[in-house]
Every structure is written in structure tokens, then in C-alpha cells.
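Labels below follow one simple rule: chain letters A, B, ... track the order of the sequence lines, proteins then strands, and each chain is numbered from 1. Nothing here was measured: the structure is a model prediction, and the numbers come from that model.
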Protein chains: 2
Amino acid sequence: MLTTERKALLLDILGKEGRVVAKEVSQKLGLSEDTIRRDLRELAGEGLLQRVHGGALPASKALGDLPTRRNVSTDDKAEIAKVAAGMIREGQIIFLDGGTTTVSLARALPKALRATVLTHSPDIVTALLDHPAVDVELIGGRIFKHSNVAVGAVAIEAISQIRADLYFMGVTGIHPEHGLTTGDREEAAVKRAICRQAAETIVLASREKLGAVSAYGVVSLHEVDGLVVGSKCPENLLGPLRDLGIHIIDTSA
Amino acid sequence: MLTTERKALLLDILGKEGRVVAKEVSQKLGLSEDTIRRDLRELAGEGLLQRVHGGALPASKALGDLPTRRNVSTDDKAEIAKVAAGMIREGQIIFLDGGTTTVSLARALPKALRATVLTHSPDIVTALLDHPAVDVELIGGRIFKHSNVAVGAVAIEAISQIRADLYFMGVTGIHPEHGLTTGDREEAAVKRAICRQAAETIVLASREKLGAVSAYGVVSLHEVDGLVVGSKCPENLLGPLRDLGIHIIDTSA
DNA sequence: AGAGTTCGTGCATTTTCGTGCAAAGGCAAT
DNA sequence: ATTGCCTTTGCACGAAAATGCACGAACTCT
């Protein structure tokens, strides 16, 4: 078995099954796990896949640091993404924020959906590469590395020249009094700008965001047209928001 | 057994089985492995196959789709990336093209290097996330999915407002007469625009690009200030380029 | 917190590579 | 025929690559 060939095979498996398990492959090929691990390590070095404990995952799914991302309400996010995806109509122009939840949303879009997606997030762009019917328009600007999105005057200028039907916003805090908040001023400014240009703003919030407050305000809750939350949200958190007239979409519905 | 005949046989096996193992063939034909290796080396020199440890694989994958493209001559690319990375000075403003080679370059940049990178490629942005000292400025525009880069009027407009010290360009073809070529008209236009804004343009080309010609012209070779190629490039391909006054940087140097 | 995996690295062994060299054969001019 | 030149082939040898094993560290799960 030629080394190069084997690496190609690994990528092949990855493409077909969405993951590679070092142990399985080593048994199937009759080679030591060390060899497979080494291959995976090298492929990861070239950015062709993402190394994880026990094997490897596609590189495109590399977002945020692993320890954080792994345990935080993953099912929640997948649910939210699925519901949000269902809100999009054929032919609409959609603004997608950066963040793990919105990337899930992008990935959850029907492959056949004909729509236009505007985004300032490279991750969203990558997630939509295999949605042939979706046109993607990327907003440029200075990259804010902590969240991997474009920010700054250039981004806001570009945003101000576009109008969208829907904006799916991600935030780090949503609070009855303090409204929507996020951890960076520049990001907040961009979100605000997008909000202005979108006919409708939908906030995606996994459970831990409810009732939380971060440093920088984005917009007040009056600007929000809808809020998609996970299915297991306690009413004591949702109630105050509902009272403010926000349309709350529960994923259990 | 005639030499030519044997080479044809090797290509035949490659076509049928998708690979050639030097040892197997040498035993089957009753010849030394050296002879087979020599044949393979020569065929590789003609671009008819790709030499790998233990044998050879098809070369035609250079034109495949994105996932496939990524496997082609990866060592070559890593070498090129390393050398190119060494050409960057502290504090410079660099334009990085999209493409696998330039992504390797991004990854190969010293973590401590203080510089500004301009790019229209989401992949480059992602690759630079863990380079804290590198400022990244993303060029927006319509996403051309085949290569995952921003193109179109918006991109070109944004590019025209920036000037850079260095531009590392990737192409699919570089030919003494036809100059630099690539497979998409929009991409060609973007590359041309960047070239205009950069003080110096360096082309990165793995072996299979030399002498190749694609559909759309980018710029003539006069615009090129440097060319970085892999270490094992035959002189018959490099000579004509050198004659045009292009500064060729061999990775073996 | 502890048991069981998995990881990465260093090291030794085996395989493969590339080059230099010489033997063997073909071919043309002398 | 002989000489000189070129090609082909195999062999030798140092270099590079690939693989497996061992061991201590890191990770996962309960």
C-alpha cells in the first residue's frame, strides 16, 4: 500500500462517512495505528482534515476551540438550526451572522433551496460551498479573530448598501431589560448595521444565552421580530421576553 | 522488451488499476526495480503520472474537483510554501490568493510575524486565525464556489482601494508564450486587479503547473517578479521562463 | 478520582530512492 | 573489422522515507 494512496483513501473515507476512526482503518488495512495516526496528523498539518481524539473529522467543521464547542448544547443548536432553516422561503435574501449556531443553520439549509446568503463570516461561506443553489455574497472587512468575522468601517459600509429579507442573528446574551448583547464592540456595531438593513431580524439563542448579559449592547428587543430557542427552555426565562411582544419559536413545536 | 513498450505498459497498468507498484512490476517483468523506477521517473518528468514512494499514481488529478485537487503534490506545495513564507519581511502588507498552495503558505507563516494579510479567500482567513500578530483584511464579493474565493465587481472595487508590498499568486497554468492562465474568467480578473495594486508579484507553482495553459489569461509574464517552484523541476521547463528574465526561486536553494 | 484509551515522540528496522559506475549491446562512421 | 558513441540495464551505496514499538503524557468516561 503506497503512502500517498493511503492518505487519499483516508480523505475518501472522510468524505463518504464524515469521519475517520484510526483504529478501524488500521485494522482494515492491516497496519499499525501509529501509521494511521501519523497520516492523519500530516493531513491535519496540511489543513485537509481536523484531528480529534480517536480519529479525524472534516476540516471545514473546525470552528472555535474543541473543548468549549464540544459540550455546549450541541443538540440544542442543531434543533434551533433546523427550525430556523425552515423559516426561509425560496428566493429570499438572507443575512447570516457568524457563530456556531448560524453555521449549523447554513449546513442545515436544504441543498435545493434557491436563495441568496449575505455574510461577513468565512465559516458560513465554507459551510455553504456544497449548496449549489445558494448564492453567497461575502462582506469584507478587518477580521476579528476571536469570532472569525469581518468587522470595521469597511464591513459596515458594505452592509449599508444591501437590503435583506431576513437576518439570523447570534448573540451571547439576551435579557429582558438589557436587550441583546455581545462580547465585542465592533461585532456589536456590525450586528446593529445588519439589523438596520434587514426587513426582519430573527435571533438564534441556545439555552445558556437566555437571561445573560455581555459587555456591549447590540439593539433593544424591540428590533427583534423572532427568537428561536431550544425545546427545553424554562418558562421563567421565556415569559419576560414573550411579554415584550417577541415572537418565540420553540423547537418542540 | 523495448523501453518504450515497457513505459506504455506502465501507463496501461496505471490506467487499469489506478496505481503502479515498482516492486510488483519489476518481479512480473523480471527486471530490476531500478529500471522500473527509472521509467516511472521519466514518465513523471513528462507529466504522465505522479511519482510517489513505492510506485506511481495518476497525474490527471490536477484538474479534478476541489477535494481531489488538494492531494496533488503536497510535499511540493509544502516546500514552496515554506520558501515563500521566508520572503516576507516584518511589517509588510501581503496579498494572498486563494488556493491550496497559498493556504499552505498562510499556515507556514511564523506565528510571531507581524504583518498585514489581504485576501479574498475565506480559507486563508481561517488558516490565519492562530497567527495573532497577523492582521487580516478580507475582501468581499460574490463567492465563486469552485475555488471558494470572492469575485465580481465588488471584490475588484475593494481591491482597487488597497496597495500591497507583495502578492503571492496561484495559477493553474504558467507558460512561456501564453503567460499566466487560470480556469475562470472572474478569477482571472481578480488576480489581474490585485497584480495592479501590488508592488511585487510572486507566483507559486507546483510542478504540474509549469508549461500548462488554461482557458483564461491573467497577465503576461512581464508582470511577474518572482516564481517559486518545487525543487525537482526539470530544467527544460524552467529554462524558457528564466530566459524571460523571471527570477526563479528553487526550493532546494 | 481512577481505569482505560489515545496521543505524540524517540528510536530501531526495513523499504525505497537516487546517483554514480560499469558491463553489454546497437549503430554509424571510419 | 574496428573504433567511438550512445542507450539500456543492473549493481552498489549512502540518503531518505516508512513503519512499528515503547514509554510517558494527555485525554475520556464513569
Side-chain angles (χ1 to χ4, degrees), chain A residues 1-11 13-14 19-57 59 62 64-75, chain B residues 1-11 13-14 19-46 49-57 59 71-79 82 130 207 230-236 250-253:
Chain A
M1 167 79 54
L2 309 179
T3 307
T4 315
E5 193 183 9
R6 191 177 54 235
K7 284 187 186 174
L9 176 65
L10 288 173
L11 288 177
I13 294 176
L14 189 60
R19 65 166 195 165
V20 176
V21 180
K23 197 171 184 176
E24 289 178 6
V25 179
S26 70
Q27 285 174 355
K28 182 146 55 184
L29 298 185
L31 292 169
S32 78
E33 290 184 40
D34 294 70
T35 303
I36 304 302
R37 267 203 294 272
R38 228 183 311 247
D39 289 343
L40 293 177
R41 225 177 297 152
E42 285 168 13
L43 290 169
E46 296 167 24
L48 302 178
L49 48 75
Q50 178 200 359
R51 195 77 177 74
V52 298
H53 218 78
L57 293 174
D65 50 333
L66 288 180
T68 320
R69 186 173 55 103
R70 206 171 278 165
N71 295 329
V72 177
S73 45
T74 337
D75 324 337
Chain B
M1 163 87 51
L2 251 43
T3 307
T4 317
E5 191 182 349
R6 192 176 53 235
K7 283 188 185 174
L9 175 63
L10 289 173
L11 288 177
I13 295 176
L14 187 61
R19 67 168 187 172
V20 177
V21 180
K23 196 173 185 176
E24 290 178 4
V25 180
S26 70
Q27 285 174 356
K28 183 146 55 184
L29 298 186
L31 293 170
S32 79
E33 291 183 38
D34 296 68
T35 302
I36 304 302
R37 269 203 294 271
R38 229 182 312 245
D39 289 343
L40 292 178
R41 224 177 299 155
E42 286 168 12
L43 289 169
E46 299 168 27
L49 49 75
Q50 178 198 358
R51 195 75 177 76
V52 300
H53 212 81
L57 294 173
N71 283 335
V72 179
S73 50
T74 41
D75 317 341
D76 221 20
K77 282 180 181 164
E79 271 185 27
K82 207 166 129 195
D130 56 351
R207 200 161 345 119
S231 58
K232 295 151 289 189
C233 269
E235 185 58 29
N236 63 338
D250 188 314
T251 58
S252 63

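Considering only residues two or more places apart in sequence or on other chains, B/Ile13 meets the side chain to side chain contact (heavy atoms under 4.5 Å, CB included) condition with B/Leu9, B/Glu17, B/Val20, B/Val25. Under the side-chain hydrogen bond (donor to acceptor under 3.5 Å, both in side chains) criterion, A/Thr35 pairs with A/Ser32, sequence neighbours left out. Residues passing the side chain to side chain contact (heavy atoms under 4.5 Å, CB included) test with B/Glu24, sequence neighbours excluded: B/Arg19, B/Val21. Applying the side chain to side chain contact (heavy atoms under 4.5 Å, CB included) test to A/Gln27 and every residue at least two apart in sequence or in another chain returns A/Lys23. Scanning for salt bridge (charged side-chain N to carboxylate O under 4.0 Å, His left out) contacts around A/Arg6 gives A/Asp39, with sequence neighbours left out.
For the segment residues 24-35 of chain A, residues with any heavy atom less than 4.0 angstrom from an atom of DNA chain C are, sorted by number, A/Asp34.
Of all heavy-atom pairs between B/Leu40 and B/Ala56, the closest is CD2-CB, 4.1 Å.
OP1 or OP2 of C/dC7 sits under 4.0 Å from a side-chain N or O of A/Arg51. Neither OP1 nor OP2 of C/dC7 sits under 4.0 Å from any side-chain N or O of A/Arg41.
Rounded to an integer number of Å, the gap from A/His53 NE2 to C/dT5 P is 12 Å. Separating the CZ atom of B/Arg38 from the C1' atom of C/dG20 is a distance of 11 Å, rounded to the nearest angstrom.
For the helix from C/dA1-D/dT30 to C/dT30-D/dA1, the axis fitted to the five pairs at one end and the axis fitted to the five pairs at the other end meet at an angle of 40° (nearest 10 degrees).
For the atom pair CG of A/Leu49 and CG of A/Leu10, the computed distance is 8.0 Å after rounding to the nearest 0.5 Å.
The side chain to side chain donor-acceptor pair (under 3.5 Å) test with B/Glu42 is passed by exactly one of B/Arg51, B/Lys7, B/Arg37: B/Lys7.
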Enumerate all atom pairs, one protein N or O and one N or O from nucleotides 25-27 of chain C, separated by less than 3.5 Å.
none

